[in-house]
Amino acid sequence: MKIVGFCLTVCVTAGLTALPATAQEPADIPSVDQIVQRANHMAYYQGLDGKSTVSMKITDKNGNVRTREFIILRKNGQGGNQKYFVYFLQPPDVRRMVFMVHKFSALDKDDDRWLYLPSLDLVNRIAASDKRTSFVGSDFLYEDVSGRSLEEDVHELAGVTEERYVIKNTPKNPSSVEFSYFTVEIDRQTSIPMKMEYFDKSGVLYRVIESQKVEPIAAKEGERSVEYLTVTESVVRDLRTGSTTEMKFSNVQYNIGLNDDLFTERYLRRPPREAMR
Amino acid sequence: MRKIWGGCAAAVLVLAAGAAGGEDTEHQSFWSQWALPPEVHGFWEVRGGYRLQNDRTQKDMSVMESRFQLDLFSYSEWAEFKYKGDVFGDWVQEKGRYQTRETWMFFRPSEWMDVKLGRQVLTWGTGDMLFINDLFPKDWQSFFIGRDVEYLKAPSDAVKVSLFSDWANLDVVYTPQFDRDRFIRGEYISYWNANLGRTAGRDAKVHTDKPDRWFQDDEVALRLYKNINNYEFALYGYQGFWKSPAGQDAAGRATFPDLNVYGASVRGQVGKGIGNAEIGYYQSRDDENGDDPMTANSEMRYLVGYTQEIGTDFTAGIQYYVEQMLDYEAYKRTPGMTRDEYRHVVTGRLTKLLMNQNLTLSFFGYYSPSDKDAYLRPNVHYKASDSWSMEMGSNIFFGDYQNTFFGQFRDNTNLYAAIRYSF
């Protein structure tokens, strides 16, 4: 990964030197597109595939706590497309349900989503097309978990601190979302998004997501040993409802050789061993 | 045989559990090859409901029960094991009861084959609460009295073999002894009794002559399916019997005549939502010309449906369904036959989630313009915590006539409520 980072820096620097007239910013700052692409990659696309156990703790404004626990499998496809397989462990009433997504990066193509209900042996197609709805009743939205296409927003570099780039993201289609814009603070060293703040239509901050713990996860790229920096603890606060959701990733693994077949009806009805433990 | 399956699986799970908790490490390692200690889950619930009008053939209470479900699951290197059973006290029938919901073993003998053996719940097809090519047993009694929707599907004692290839996938379900629907027979819900010419209930429960010879009165169900760009295409075949009574013998007992079904379906994205279409040819093999008034005629069944999100956590679905009786002229030659050639049904579904998806308001309704009857299912479900949930709902029947599909149940309109603790 460091090699890629190095290459990016070199290329960018070379580009800027070649065009000194447009180089208003300090020479070591990459373009906005490069920053957001790199951050998007770090947040959603590391490795060829991945697996993790996810636990969520949802605390409402009265202090009532609900939990969610699931195992998630992810596999990258062509051009930003991805497949997700989510096997629920907790709470008891959703245990062993499976949620499967074929995510498409193209803006004009909705994700395909399935839900399997084991007590009825029923494979349901989910008609939901709105990605800005709650994921499993938590304060995280479907789009926070599966990623928001970079094509959806106009990205501007709003500030640079010693440690972070601050990117302002304004939706190209404002009526499709509940925010007017959101800012992302990206760690300059790791390219990991550390904080996201959402502002409503009247410009008031109403939602904050923060990465609280970042860990290096050892993995293999072929024969080579690598480390993927991964956000293993994050929290989202909904300032309007007073509700908070903490999300923790454990047993994180990359490049485990997940087969495309896992993301089909066969495994939706009987989950693979990878999803059950 | 049913009991044997239940016993075997329970024994395996209990042995596995006992072994895992044992002191002897040598035994432990032996048993750990067998299966991991079972995951133990289930629920306890209390459910009560009453008719909203008087039915002289039934009690006022439509459902009144306390139910405990135990769910054990375990797996070894080569197989998975499941047991799910219910013990419940049923105040309508005034007895304690036990039912095994599932007892199965699942294994993947090769890259291209899955096998599931034992008592299992089976579902396929594209309809929402309408079934054309899904000929696995339904429990209409549970559905109409307001039990959890899980109980609409009654289990099958069967083996399901699934074969997978790049060309297409094939499911074969073999049920060695016919599993009928738990149809309306007067036990909980009153119904139109054509012989008596009136609505009947506990005073005239349906007596049946059910095909029950092992390996002779058997059922075979096939599904050949393929996913092309996430459009799900399927062809179906079934050989067995009408799942609910569709005839009568000389002694006046309800019968389950021979039935073959051939069908097809497709489901996938249409516009912003999900569209589905399904068709089935019901070949009533004991009455292929339609001239036996004591046996149901063959039918064609058609279904189209569409579901779309219409707001935040708000989904709407609509379906149009038609049953067409074949050889209708032959049917009409018998005096006193009242069915129409076509039965049209429209269904609508609305589901709205509120309060962080903990409160679900749902409505499902069937309306038949040809039968002039309707069946509405409003429901409110609230998850008070990760363990506790409660719900309230109603089963509402309307009908201009006493003898139509939903109209016959109009004295059974009921209101129910339940509270459940899950673990």
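Below, chains carry the letters A, B, ... as their sequence lines are ordered, and counting in each starts from 1.
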- Do you know which of Trp124(B), Tyr225(B), Tyr306(B), Phe314(B) has the most heavy-atom pairs with chain A at a distance under 4.5 angstrom? Tyr225(B)
- So with a 6.0 Å cut-off around NZ of Lys352(B), is the heavy-atom count from everything else above 12? yes
- Task: Walk me through it: do Asp121(A) and Gln120(B) pass the test side-chain contact (heavy atoms from CB on, under 4.5 Å)?
- Result: CA-CA 9 Å; Asp121(A) 188 38; Gln120(B) 54 192 301; over 6 Å; no
- Item | Leu117(A), part contacting chain B, at a heavy-atom distance under 4.5 Å | neither
- Glu111(B) versus chain A, heavy atoms under 4.5 Å apart: side chain, backbone, both or neither? backbone
- Closest heavy-atom pair, Asn124(A) versus Arg267(B), reported as atoms and distance to 0.1 Å, is CA-NH1, 4.2 Å
- Which atoms of Lys84(B) approach chain A - backbone, side chain, both or neither, heavy atom under 4.5 Å: side chain
- What residue, out of Thr264(A), Val123(A), Val65(A), has the most heavy-atom pairs lying under 4.5 Å from chain B? Val123(A)
- Electrostatic pair Arg270(A)-Asp114(B), nearest N-O below 4.0 angstrom: no
- Query: So what's closer than 4.5 Å to chain A heavy atoms on Phe43(B): side chain, backbone, both or neither?
  - Reply: neither
- Task: Could you have a look at Glu150(B), Glu309(B), Lys272(B) and say which one has the most heavy-atom pairs with chain A under 4.5 angstrom?
- Result: Glu309(B)
- Considering non-hydrogen atoms only, spot the tightest contact between Arg96(A) and Asp71(B) and give its length. NH2-OD1, 2.9 Å
- About how many Å separate CG of Asn64(A) and OG of Ser385(B), when rounded to the nearest 0.5 Å? 9.0 Å
- Which portion of Val94(A) sits near chain B, non-hydrogen atoms under 4.5 angstrom: side chain
- Message: Given heavy-atom pairs under 4.5 angstrom as the criterion, report whether the side chain, backbone, both or neither of Arg420(B) touches chain A.
- Response: neither
- Message: How long is the straight-line distance from CD of Gln90(A) back to NE2 of His41(B), given to the nearest 0.5 Å?
- Response: 6.0 Å
- Item | Side-chain heavy-atom pair Lys153(B), Ser119(A) within 4.5 angstrom cut-off | no
- For Glu80(B) and Pro271(A), which heavy atoms make the closest approach, and how far apart are they? OE2-O, 4.3 Å
- Item | Contact origin within Phe164(B) toward chain A - heavy atom pairs under 4.5 Å | side chain
- Side-chain donor/acceptor of Gln357(B) to backbone N/O of Ser134(A), under 3.5 Å: yes
- Count the heavy atoms of every other residue, nucleotide or ligand shown that sit under 6.0 Å from CG of Asn229(B), and state whether that count exceeds 12. no
- For the student: nearest non-hydrogen atoms of Met276(A) and Tyr75(B), plus distance: O-OH, 4.0 Å
- So how far is it from Leu353(B) CG to Thr133(A) OG1, rounded to the nearest 0.5 Å? 9.0 Å
- Could you tell me whether the side chains of Glu232(B) and Trp114(A) share a donor-acceptor contact shorter than 3.5 Å? yes
- Looking only at Gln269(B), Met355(B), Gln308(B), most heavy-atom pairs under 4.5 Å shared with chain A are made by Gln269(B)
- Considering only heavy atoms and a distance below 4.5 Å, find which of Arg223(B), Lys116(B), Glu102(B) pairs most often with chain A. Arg223(B)
- Arg66(A)/Asn358(B) under side-chain contact (heavy atoms from CB on, under 4.5 Å): CA gap, chis, key distance, verdict: CA-CA 10 Å; Arg66(A) 291 169 200 265; Asn358(B) 290 312; 3.3 Å; yes
- Query: Is it the case that more than 12 heavy atoms not belonging to Asn173(A) sit under 6.0 Å from its CG atom?
  - Reply: yes
- Message: Could you tell me if the side chain of Arg266(A) sits less than 4.5 Å from the side chain of Arg108(B), heavy atoms only?
- Response: yes
- Task: Working to the nearest 0.5 Å, report the span between CD1 of Ile126(A) and CD1 of Ile274(B).
- Result: 8.5 Å
- Asp130(A) versus chain B, the contacting section by heavy-atom distance below 4.5 Å: both
- Item | Portion of Thr307(B) that has a non-hydrogen atom of chain A nearer than 4.5 angstrom | both
- Check: Arg132(A) and Thr312(B) side chains under 4.5 Å, non-hydrogen atoms: no
- For Ala384(B), is it the side chain, the backbone, both, or neither that has a heavy atom closer than 4.5 Å to a heavy atom of chain A? backbone
- Message: Working note: Leu120(A) + Val149(B), criterion side-chain contact (heavy atoms from CB on, under 4.5 Å); need CA distance, chi angles, decisive distance, verdict.
- Response: CA-CA 8 Å; Leu120(A) 286 163; Val149(B) 73; 4.2 Å; yes
- Message: Just by distance, no angles: are the side chains of Thr67(A) and Asp386(B) close enough, under 3.5 Å, to form a donor-acceptor pair?
- Response: yes
- Query: Does the side chain of Arg95(A) come within less than 4.5 Å of Glu39(B)'s, by heavy atoms?
  - Reply: yes
- Turns out that what part of Tyr142(A) lies under 4.5 Å from chain B's heavy atoms comes down to neither
- Query: Would you find a donor on one side and an acceptor on the other, under 3.5 Å apart, between the side chain of Arg125(A) and the backbone of Gly275(B)?
  - Reply: no
- Query: If every non-hydrogen atom of His102(A) is compared with every non-hydrogen atom of Asn230(B), which pair is closest and at what distance?
  - Reply: ND1-ND2, 3.1 Å
- Task: Please say whether more than 12 non-hydrogen atoms of neighbouring residues, nucleotides or ligands are located less than 6.0 Å from NZ in Lys61(A).
- Result: no
